[in-house]
Amino acid sequence: MLDKAYDPSKTEDRIYKMWEESGAFKPSEDESKEAFTVSMPLPNATGQLHLGHAVMLSLQDIFTRYQRMQGKAALWIPGTDHAAIATENVVIKKIQEEERIKDPREELGREEVLKRIISFVDKSQDTIRNQIRKMGSSCDWSREAYTMDEPRSRLVREVFCNMYNDGLIYRGHRIVNWDPKLKTNVSDEEVNWKEQKVPFYTLQYGPFQIGTVRPETKFGDKCVVVHPDDKRYKDFKHGDTFECEWINGPITATVIKDEAIDPEFGTGCMTITPWHTQVDFDIAERHGLDKEQVIDFDGKLLSIAQEFEGMSIVEARPKILAKLEKKGLLVKTEENYENKIATNSRGGGMIEPQIREQWFVDVNKKLDTWKGKWAGKSLSLKDVMFDVVRNDEVHIIPERFKKTYFHWIENLRDWCISRQIWWGHRIPVYYCSKCTETVDGKEVPMSFRNVSPEGTDIHEACGSPVHQDPDTLDTWFSSALWTWSTLIDHDATKDLSLSLEKMLEKSPDFQRFHPNQVLETGYDIIFFWVARMILMTTYNIGDLPFDTVYLHGMVRTRDGKKMSKSDPSTCIDPLEIIPKYGADALRMSMIVGQSPGNDFGLYEEKIAGYRNFINKLWNASRFVLMQCEAASLEPAEISNLKSQISNLSLADRAVLSALQQLIDDVSKGLDEYRLSEVGERLYSFTWDYFCDWYLELSKGEANPEVLVHVLRSIVTLLHPYCPFVTEELWASIKSKDAGMLISSDWVTSNAKLKDQSAQDELQTVIDVISAVRTLRSEQGIEPGKNVTVTLITQSHGELLEAQNEQIKRMAKVESLTIDTHPDAAKPENAVAVFMKDIEVHLSLDGLIDKDKELEKLTKEKQKLEGFIKGVNAKLGNEKFVANAKEKVVELERQKLATSEEKLQKVEERLKSLTQ
RNA sequence: GGGCGCAUAGCUCAGUUGGUUUAGAGCGACUGGUUUACACCCAGUAGGUCGGGGGUUCGAUUCCCUCUGCGCCCACCA
């Protein structure tokens, strides 16, 4: 017999082990089965499981389990990401703290630092793997992938070389987001903008006045830019020069006219610093102006600043301002100017835009080297990224995120993919120490690419030593290949003679499981990952990565705040929750009530609520098992229902019918990814219908076979949501020839069991029982006390007569009279409830509380009158009758008739009470 | 500066093509309970003019416009 209360901590680990060891997570090898693939969004190899992971694991596990039970070859591929910058930072900090090494990169060198990182990752990968297991994730561990493992590394190099050869990856001098603290640049997506109030300075620049918040960048400003149409500056012509006294002495300045200037802002003119500002860089490019570096890569001023050389910005700024003021060049200072400063979201410092020679993916270049359905067309990466979503080849749930996606593509600039950190895929480009080539008119060391993971030491053509590009790739470069890099055949990747196309051909998993059906992730990484996967996959393999993108919202606190690790009081740790409430409860609390794309609050009471639900399910099963025992029936011996169908009670027929509806609703809802709604439906069916009514009714006349059948169905339908408890229960309730629930078939509805009239009839009985209970409660009758009830009805006599034992038992009625006479006498000294064609009279021993009853009936009367008035107005409206659907009109008429009948009875009752 | 979202019971939220809903759930509140599973429970009750205003419609929480209040994303107005 089951324990009195369900204890998840006793079962979950054991069940997970059973699943894993049985091979249940592996997709069926039966080739005739349709494939269903989901790729797990790579948790960081060094991370700890947090609620963000818990949400995505729950959602993806529900998708996978449902499809697996539907008979598909369901594959959910787990994996981890090397998280380049994040991981390197963690390890560097650790070395600094533990070994008191101030600059580990400087002191230990590349090889040693990488060694430390790898050993750290090795250790922490196990942690995240086990935490993923704790959530019940039914992913196929035998196919686990890692962005830095051999097969994935090969593909990264392969893709890089392909795109380089096709001119999509290029090296160029561009403004990048440079982080002087971490000594690397980051992509536009990794920059965070923070609002700050800073002083705004107006400086005299020859005859012009220019505004700035960064006087320290102004040393090299040799051009003043105005809008071509600005009448204030019409006397200056484009290209005019003038002498002007500037920070460190006289300079010759040039007037530039460019439409990038907003004449409405400030004085309508500005000087430009092309090396440290994107807009200025663009202007300088348009007019062929010089670009000069003012701040070095450590954030210190260069020699152009003369006496300020070597100073940090913080140190130099007040001194520069003092000098400007002394020279009379500082016109005014306005405080509290709102400005946005850029910081590195990967835990770095303030971003200093710098011109650097970096690697980029060209997103605008049209080219005709596309594969698959795009073969032969001249398209840019942007074109395809745009088209596949616009043409609904990739569906996005919720749909509104399409707009966000389009808007992002419109603003997209070339993707800077090189990073100056060591942890990551090193750029597979090698330079000869001797040979040179000419690129853009400049002589540069000759470079070549190599897809081999082995280092290349010698330039074969000349025998000179070579060196590899020191930079590594953006971590998202490798994650962008994830849907298919995970399906690649390992041996194929070892064969350097194979092209990417051939490798894919030789990968059975790829052939079978790509593309993914659904890609599930948080809406916050739609740009980092979803968009880049579309970009890299369409181009490199000529196929889409996935059919559908399901975006979940962010987990928040009860009051809608972000959960932050720095404030433990707001933060729920799944690893603390699971032992206390169970993974099932945590899963449900994050799925039900959560709609895609919207943030949702999570707090302990909510989780406790679902823990209660799971315990309810547990106890319902306990009850069913007790009924079996009482009937000397082994659940395992019950294989199907057919033999029993002839001998069913009303409640049996009703519950079986309602179950068919439930099965249809749940299956349809899951097909359409409406997880919250389905979860709610299951919750309410289980608790409010199955437990509260069917189980209670079965205490009067139990049919163990129906009980077992319905329970099995419920447990099966709930399995994707709460896999542990359902699997545990399954062991006790399954038929003897059934295997584990995880591998069982989904339930299908049986039209023969649908019986709407049984459901309606049972509902009438339920309503009568509820009415009696309400009357008892209103009159303060002790719960245990038996009462006398008279039911007056014209059309339900037979039904109520047949169910009278159930009504008596469920409502604690001792004497039940059912009177179908048209002029039935109403009992004296009783209180009543009027239902549709049923009057429920409860007789009292003592006197009824007349005032209370009058008050209740008066209230009811008013309500009915108001309602009837409304319905009458509706039906009296010719346009309504003419325009509304017949069904709707008919319904209104029925409502009116029912309420009028009720009102009449209420009025009669009131009259008799006041006589 | 653009774009998007949210505003529904004390709290957290559902509500799928506008009418089977005189708006639902969970938690909380209140009244009463050891009834053959479950106090992680049972029975019952209270509580909302669906943010304000306007429009479309026979009919709007649901569609459109507008205002107010929050929140998010994108965009380097120096």
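Naming: A, B, ... by sequence-line order, numbering from 1 per chain. The structure displayed is predicted, hence computed values, not measured ones.
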Just to be sure I understand the rule, does [X] reach a base, reach only the sugar-phosphate, or reach nothing, if contact means heavy atoms closer than 4.0 Å?
| X | answer |
| --- | --- |
| A/Asn339 | sugar-phosphate |
| A/Asn877 | sugar-phosphate |
| A/Lys887 | nothing |
| A/Asn411 | sugar-phosphate |

Ring centers of A/Tyr405, A/Phe386 separated by less than 6.0 Å: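 Not under 6.0 Å, so no.
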Any chance the rings of A/Tyr523 and A/Phe401 have centres within less than 6.0 Å?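 Yes, the ring centres sit under 6.0 Å apart.
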B/S/- along nucleotides 1-18 of chain B (protein heavy atoms under 4.0 Å) is ---SS------SSS-B--
Would you mind building the protein contact string for nucleotides 37-44 of chain B? One character per nucleotide, 5' to 3', B for base within reach (heavy atoms under 4.0 Å), S for sugar-phosphate only, - for untouched. BB-BSSSS
So that I can tick it off, tell me whether [Y] and [X] are bridged by a salt bridge, with the cut-off set at under 4.0 angstrom between side-chain N and carboxylate O.
| X | Y | value |
| --- | --- | --- |
| A/Glu860 | A/Lys863 | no |
| A/Arg674 | A/Glu677 | yes |
| A/Lys812 | A/Glu782 | no |
| A/Lys668 | A/Glu672 | yes |

Can the positive tip of A/Lys902 be found less than 6.0 Å from the middle of the six-membered ring of A/Phe867, inside 45° of the ring normal?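 No cation-pi geometry.
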Taking the six-membered ring of A/Phe281, is NZ or CZ of A/Lys291 closer than 6.0 Å to its centre and within 45° of its axis?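 Yes - A/Lys291 lies over the ring of A/Phe281, closer than 6.0 Å to its centre and within 45° of its axis.
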Side-chain N or O of A/Lys879 closer than 4.0 Å to phosphate OP1/OP2 of B/U57: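 No, A/Lys879 has no side-chain N/O under 4.0 Å of OP1/OP2 on B/U57.
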Taking atom CG of A/Asp767 and atom NZ of A/Lys836, what is their separation to the nearest 0.5 Å?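 Result: 11.5 Å between the selected atoms.
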Tell me yes or no: between the side chains of A/Gln661 and A/Gln759, is some donor less than 3.5 Å from an acceptor?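 No, no side-chain donor-acceptor pair sits under 3.5 Å.
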What interatomic distance, in whole Å, is found between [atom1] of [M] and the corresponding atom of [N]?
| N | M | atom1 | answer |
| --- | --- | --- | --- |
| B/A25 | B/U36 | P | 28 Å |
| B/G28 | B/A23 | P | 25 Å |
| B/G51 | B/U16 | P | 14 Å |
| B/G10 | B/G71 | C1' | 22 Å |
| B/C6 | B/A43 | P | 35 Å |
| B/C64 | B/G44 | P | 41 Å |
| B/G15 | B/U20 | C1' | 15 Å |
| B/U8 | B/G48 | P | 14 Å |

Short of 4.0 Å, heavy atom to strand atom, which residues of residues 192-201 of chain A count as contacting RNA chain B?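 Heavy-atom cutoff 4.0 Å gives A/Trp193.
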Sequence neighbours excluded - salt bridge (charged side-chain N to carboxylate O under 4.0 Å, His left out) pairs with any residue from residues 593-613 of chain A: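 Sorted pair list: A/Arg556-A/Asp599, A/Arg558-A/Glu605, A/Lys580-A/Glu604.
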Protein-nucleotide distance ([X], atom [atom1]; [N], atom [atom2]), rounded to Å:
| X | N | atom1 | atom2 | answer |
| --- | --- | --- | --- | --- |
| A/Leu697 | B/U35 | CG | P | 19 Å |
| A/Met554 | B/C72 | CE | C1' | 11 Å |
| A/Lys869 | B/U22 | NZ | P | 17 Å |
| A/Asp524 | B/C74 | CG | P | 10 Å |
| A/Phe527 | B/A75 | CZ | C1' | 12 Å |
| A/Gln806 | B/U35 | CD | C1' | 14 Å |
| A/Lys885 | B/G19 | NZ | C1' | 8 Å |
| A/Gln894 | B/U21 | CD | C1' | 16 Å |

Tell me whether the ring of A/Phe880 lies stacked over the B/C58 base, given a 5.5 Å limit on centroids and a 30° limit on the plane angle.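 Not stacked by the 5.5 Å and 30° rule.
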So do [Y] and [X] actually touch side chain to side chain, heavy atoms under 4.5 Å?
| X | Y | answer |
| --- | --- | --- |
| A/Leu2 | A/Ser732 | yes |
| A/Leu675 | A/Tyr721 | yes |
| A/Ile272 | A/Leu289 | yes |

Would you please enumerate the stems RNA chain B participates in, each stem being three or more consecutive Watson-Crick or G-U wobble pairs with both distances under 3.5 Å?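 As far as RNA chain B goes, consecutive pairing (with distances under 3.5 Å) yields the stems B:1-7 with B:68-74, B:10-13 with B:24-27, B:29-33 with B:41-45, B:51-55 with B:63-67.
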Considering only B/C74, B/U22, B/A78, which nucleotide approaches the side chain of A/Tyr337 most closely?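 Ranking B/C74, B/U22, B/A78 by closest atom to the A/Tyr337 side chain puts B/A78 first.
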For A/Gly268 and for A/Lys812, find the nucleotide of RNA chain B with the closest heavy atom, then tell me which residue's nucleotide is more 5'.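 Going by which nucleotide is closer to the 5' end, it is A/Lys812.
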Let me spell it out: for each of A/Lys863 and A/His276, pick the nucleotide of RNA chain B with the closest heavy atom. Which residue's pick is nearer the 5' end?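 Comparing both residues, the 5'-ward one is A/Lys863.
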For A/Glu890, I'd like to know if atom CD has over 12 heavy atoms of other residues, nucleotides or ligands within 6.0 Å.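 Atom CD in A/Glu890 is packed in, count exceeds 12.
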Taking side chain to side chain donor-acceptor pair (under 3.5 Å) as the test, write out the residues that go with A/Asp282, two or more places apart.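 Per chain and number, A/Asp282 pairs via side chain to side chain donor-acceptor pair (under 3.5 Å) with A/Gln278.
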